[in-house]
There are 2 protein chains.
Amino acid sequence: MEFFEKTGKFAIGSRLRMLNEKISKDAPEIYRLFNVELQPKWFPAFHVLSQGEEKTITQLAKEIGHSHPSVSKIITEMSKKGLVTEKKDEEDKRRNIVTLTEKGREISEKIAFQYQDVNATVEEMLAQTENDLWKALGEWEKLLEQKSLLERVIEKKKERESKMVKIVEFKPEYKQAFRDLNVEWINTYFKMEAADYKALDHPEEYILSKGGYIMVALLEDVPVGVCALIRMDDDPDYDFELAKMAVSPKAQGKSIGKLLGQAIIEKARSVGASKLYLGSNSILKPAISLYHKLGFRMIEGRTSPYVRANVHMEMNLN
Amino acid sequence: MEFFEKTGKFAIGSRLRMLNEKISKDAPEIYRLFNVELQPKWFPAFHVLSQGEEKTITQLAKEIGHSHPSVSKIITEMSKKGLVTEKKDEEDKRRNIVTLTEKGREISEKIAFQYQDVNATVEEMLAQTENDLWKALGEWEKLLEQKSLLERVIEKKKERESKMVKIVEFKPEYKQAFRDLNVEWINTYFKMEAADYKALDHPEEYILSKGGYIMVALLEDVPVGVCALIRMDDDPDYDFELAKMAVSPKAQGKSIGKLLGQAIIEKARSVGASKLYLGSNSILKPAISLYHKLGFRMIEGRTSPYVRANVHMEMNLN
DNA sequence: TTATTTTGCGTAATCAGTTACGTAATTGGT
DNA sequence: ACCAATTACGTAACTGATTACGCAAAATAA
C-alpha cells in the first residue's frame with residue numbers, strides 16, 4: 001500500500017488491520033481446501049480444547065485472549081455442529097464445562113496436515129523477508145504490555161511541549177502576568193490575604209529589591225507560569241522562601257511547574273543559597289507532590305504569615 | 001500472548017488482529033488528548049483530503065484501500081460534522097466530489113502536532129525493537145501481492161503430498177487397480193473400446209510380455225494412479241506409446257499425473273527408447289497441458305486404434 | 001448467619017468494516 | 001444512433017469482534 005508510505009507511522013493501526021484482512025480472507029478457502037469443517041474464528045478455542053483438557057468458557061477466553069461473550073458464542077456454534085459438548089459443573093453450577101466430542105477429536109486429527117502446511121508456508125514467507133514479522137509482533141506485544149501507546153504518546157507530547165517552554169528572569173512587562181496568574185489560582189482555592197497584595201502588586205519593592213528573584217515561564221512568548229524566591233530575613237535557618245508559584249490552567253500538563261521549580265532552585269543555588277523554605281496547603285496534592293519531586297521534605301512546627309499555609313517544607317541545596 | 005507461542009505461525013491472523021485491537025483502543029483517547037474532533041476511522045480519508053485536492057468517493061476508496069461503501073459512510077459522517085462538503089460533479093452526475101471545509105482545514109492544522117507526536121512515539125518504539133514491524137508489514141504486503149497466502153498454501157500442500165506418493169513398477173497385486181482406475185475415467189468421458197478391454201484385462205499378456213512397462217503411484221501403499229508404456233511394433237518411428245494413464249479423482253491435486261509421467265519417461269529413457277507417441281482427446285485440456293509440460297509436442301496426421309484419440313503427440317528423448 | 005461483593009456466563013446492543021444489490025449515468029461497440 | 005456493458009455510489013444485510021448489562025451462584029465480610 002502506497003498510502004502507508006505517504007501517511008507514515010501514524011497509520012500503523014490501519015496497516016495492521018489491512019494485512020490481517022488480506023490474510024483472513026483466504027482462511028475459509030484454506031479450511032475448505034483441507035476439507036476441515038471448521039470456521040476460522042473457531043480455531044483458537046478449538047485448538048486449546050484439542051490439547052485434551054476440558055475448559056470453562058472463561059478459562060478459554062483468558063487463554064485465547066478473547067472476551068468471554070465471544071467464546072460463549074463460538075462454543076454454542078461448535079456445539080450445534082457437534083464438535084464440543086457443554087455441561088454444567090456439579091460443584092460450581094455457574095460454570096459451563098466444554099469438551100471436544102469424538103467428532104471434534106477426529107477433526108483435530110484431520111487438521112494436523114493443514115496446520116503443518118500453513119505453518120510451513122508462513123515460515124517460508126518469514127524466511128523470505130528481512131524483517132521478521134512474527135518476532136516483531138511479539139516485541140510489540142511486550143512493549144505495549146509495559147506501557148500503552150496512549151501513555152507513550154502523552155509522554156512524547158509533554159516532552160515536545162516542555163521543549164517549547166522557555167524559563168526567563170522577571171522583566172517589568174511580566175508584572176501584570178505575575179499578578180494575574182497568582183490571583184487566579186489563589187481565588188479558586190482560598191481568599192487573597194494582605195501579604196498577597198503586597199507582594200503581587202509591588203514585586204519590585206517587596207521581592208526583587210530585597211534580593212529576591214522571580215522567574216517566568218513563556219510559551220510562545222506568552223507568560224504562562226511564574227515563581228518567586230523571596231529573601232527570608234526573619235529566619236536565619238533559611239535563605240529564601242519559594243513562593244508565588246502559579247501556572248495558567250490553559251497550559252497545564254506541560255510540566256511547566258516542574259521546569260519553573262527546577263529553574264528557580266538552580267537560581268537559588270547559583271546565588272549561594274543553602275536552604276529553602278516553602279509553605280503550602282494539604283489540599284493542593286499535585287503541588288505538594290511536585291515539591292517532593294523537586295527535593296523538598298516536610299517539616300513540622302513552623303508558622304507562616306499566610307493563613308492558608310498548613311504544610312511546611314524545606315530543602316537543602318548542598 | 002503466550003497463546004501464540006504455543007499455537008505457532010498458524011495463528012498469525014489472530015495475532016495481527018489482537019495487536020491492532022490494543023493499538024486502536026487507545027486511538028480515540030489520543031484524539032481527545034489533542035482536542036481533535038475526529039474519529040480515528042475518519043483519518044485515512046481525512047488525510048488524503050487534507051493534501052488539498054478534491055476527490056470522489058471511489059478515488060478516496062482506492063487511495064486508502066477501503067471499500068467504497070465504507071468511504072461513503074465516513075464521508076456522510078464527516079459531512080454531518082461540517083468537516084467536508086459533498087457536491088455532484090457537473091460533467092459526470094454520478095460522481096460525488098468531496099472537499100475539506102474551512103473547519104476541516106482548521107482541524108487538519110490542529111492535527112499536525114498529534115500526527116508528529118504519534119509518529120515520533122511509533123518511531124521510538126520501532127527503534128526499541130530488533131525486528132522492524134513497519135518494514136516487516138511492508139514486506140508482507142509485497143509478498144502477498146505477488147502470491148496470495150492461499151496459493152502458497154496450495155503449493156505447500158502439493159509439495160508435501162507429492163512427497164508421500166511413491167512411484168513403483170507394476171506387480172500382479174496392482175492388476176485390479178490398473179483396470180479399475182482406467183475404466184473409471186474412460187467411462188466418465190467416453191465409452192470403453194475393444195482395445196481397452198484387451199490391455200486392461202490382460203496387461204501381462206498385451207503390455208508387459210511384449211516389452212512394455214506399467215508404473216503405479218502409491219499413496220500410503222494404496223494405488224491411486226497408473227500409467228503404461230506400450231511397445232509400438234507397427235510404427236518404426238516410435239519405440240513406445242504412453243497410454244493408460246489414470247489417476248483416482250480422490251487423489252487429484254497432488255501432481256500424481258506429473259510424477260507418473262516423469263517416472264515413465266525416465267523408464268523409457270533408461271531402456272534406450274528415443275521417441276514416444278501418445279494419443280488423447282481435445283476435450284481433456286488438463287491432460288494435454290500435462291503432456292506439454294512433460295515435453296510432448298503436437299503432431300498432425302496420424303491415426304490411432306482408439307476412436308477417442310483426436311489429438312496426437314510425440315516426444316524425443318535425446 | 002446474613003448481607004455484600006465477586007465471579008461465570010448468557011443476551012443485547014454496538015462497531016467498523018465487509019459483500020450483495022439496485023439504480024442512474026456514462027461509455028463503447030456495431 | 002442505439003443497445004449493452006461498465007462505472008459511481010448509496011442502501012441493506014452480514015460478520016466477527018467488542019462493551020454493557022443482568023441474573024444467579026459462590027465467596028467473603030460483618
Side-chain angles (χ1 to χ4, degrees), chain A residues 1 11 13-29 31 38-46 54-80 84 86-98, chain B residues 1 11 13-29 31 38-46 54-80 84 86-98:
Chain A
M1 281 296 300
S14 292
R15 195 170 204 179
L16 283 166
R17 199 187 49 72
M18 301 195 76
L19 182 58
N20 174 32
E21 208 169 89
K22 260 185 222 147
I23 289 178
S24 36
K25 205 151 50 183
D26 281 357
E29 304 276 349
Y31 280 85
L38 219 54
Q39 284 189 38
K41 63 167 172 168
W42 295 347
F43 175 74
F46 184 86
E54 48 182 38
K55 300 270 177 181
T56 67
I57 300 286
T58 357
Q59 278 173 345
L60 281 171
K62 195 174 277 175
E63 280 194 48
I64 70 176
H66 280 203
S67 64
H68 86 260
S70 165
V71 175
S72 177
K73 250 193 236 166
I74 285 171
I75 293 300
T76 331
E77 289 172 14
M78 285 207 278
S79 189
K80 247 179 225 154
V84 298
E86 303 174 75
K87 69 163 196 279
K88 285 271 171 247
D89 186 347
E90 275 307 308
E91 285 174 29
D92 183 341
K93 285 168 204 153
R94 293 167 306 175
R95 287 206 179 101
N96 182 355
I97 298 181
V98 185
Chain B
M1 282 299 298
S14 292
R15 195 169 204 181
L16 283 167
R17 201 187 47 74
M18 302 195 79
L19 182 58
N20 173 33
E21 208 170 89
K22 260 186 222 146
I23 288 178
S24 36
K25 205 149 54 184
D26 280 357
E29 305 275 348
Y31 279 86
L38 218 56
Q39 284 189 38
K41 64 168 170 165
W42 295 349
F43 175 75
F46 184 86
E54 48 183 38
K55 301 270 177 181
T56 68
I57 299 287
T58 357
Q59 278 172 346
L60 282 171
K62 194 174 279 176
E63 280 195 46
I64 71 177
H66 279 205
S67 63
H68 86 259
S70 165
V71 174
S72 177
K73 252 192 234 166
I74 285 171
I75 294 300
T76 331
E77 288 171 15
M78 287 208 276
S79 188
K80 247 180 221 152
V84 298
E86 303 174 75
K87 68 164 196 280
K88 284 270 171 251
D89 186 346
E90 275 307 307
E91 285 175 28
D92 184 340
K93 285 168 203 154
R94 293 167 306 173
R95 288 207 177 98
N96 182 356
I97 298 182
V98 185

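Residue numbering restarts at 1 for every chain, and letters A, B, ... go by the order of the sequence lines.
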In whole angstrom, give the distance that lies between atom CD of B:Glu91 and atom P of C:dA24.
22 Å
Going by modelled atom types, is there a donor-acceptor pair between the base of D:dA8 and the side chain of B:Arg94 at under 3.5 Å?
no
Think A:Asn96 has a side-chain N or O under 4.0 angstrom from the OP1 or OP2 of C:dG10?
yes
Take B:Val71 and B:Ile64 through the test side-chain contact (heavy atoms from CB on, under 4.5 Å) and record every step on the way to the result.
CA-CA 9 Å; B:Val71 174; B:Ile64 71 177; 4.0 Å; yes
Under 4.0 Å: is that the gap between some side-chain N or O of B:Thr56 and OP1 or OP2 of D:dA8?
no
OP1 or OP2 of C:dA25 versus the side-chain N and O atoms of B:Lys93: is any pair under 4.0 Å?
no
Short side-chain N/O contact to D:dC9 OP1/OP2 from B:Thr58, under 4.0 Å:
yes
Please determine whether any donor N or O and acceptor N or O are separated by less than 3.5 Å between the side chain of B:His66 and the base of C:dG17.
no
Check: B:Ser72 side chain, B:His68 main-chain N or O, donor-acceptor pair, under 3.5 Å
no
Given D:dA17, C:dT26, C:dC9, which nucleotide is nearest the side-chain atoms of A:Lys41?
D:dA17
Is there a side-chain polar atom (N or O) of B:Arg17 under 4.0 Å from OP1 or OP2 of D:dA17?
yes
Might you point out which heavy atoms bring A:Lys55 and A:Gln59 nearest each other, and give the distance in Å?
CA-OE1, 3.3 Å
OP1 or OP2 of C:dC9 versus the side-chain N and O atoms of A:Arg95: is any pair under 4.0 Å?
no
Using a cut-off of less than 4.0 Å, is there contact between a side-chain N or O of A:Ser72 and OP1 or OP2 of C:dC9?
no
Qualifying residue for side chain to side chain contact (heavy atoms under 4.5 Å, CB included) with B:Asp92, from B:Arg94, B:Glu90, B:Lys88:
B:Arg94
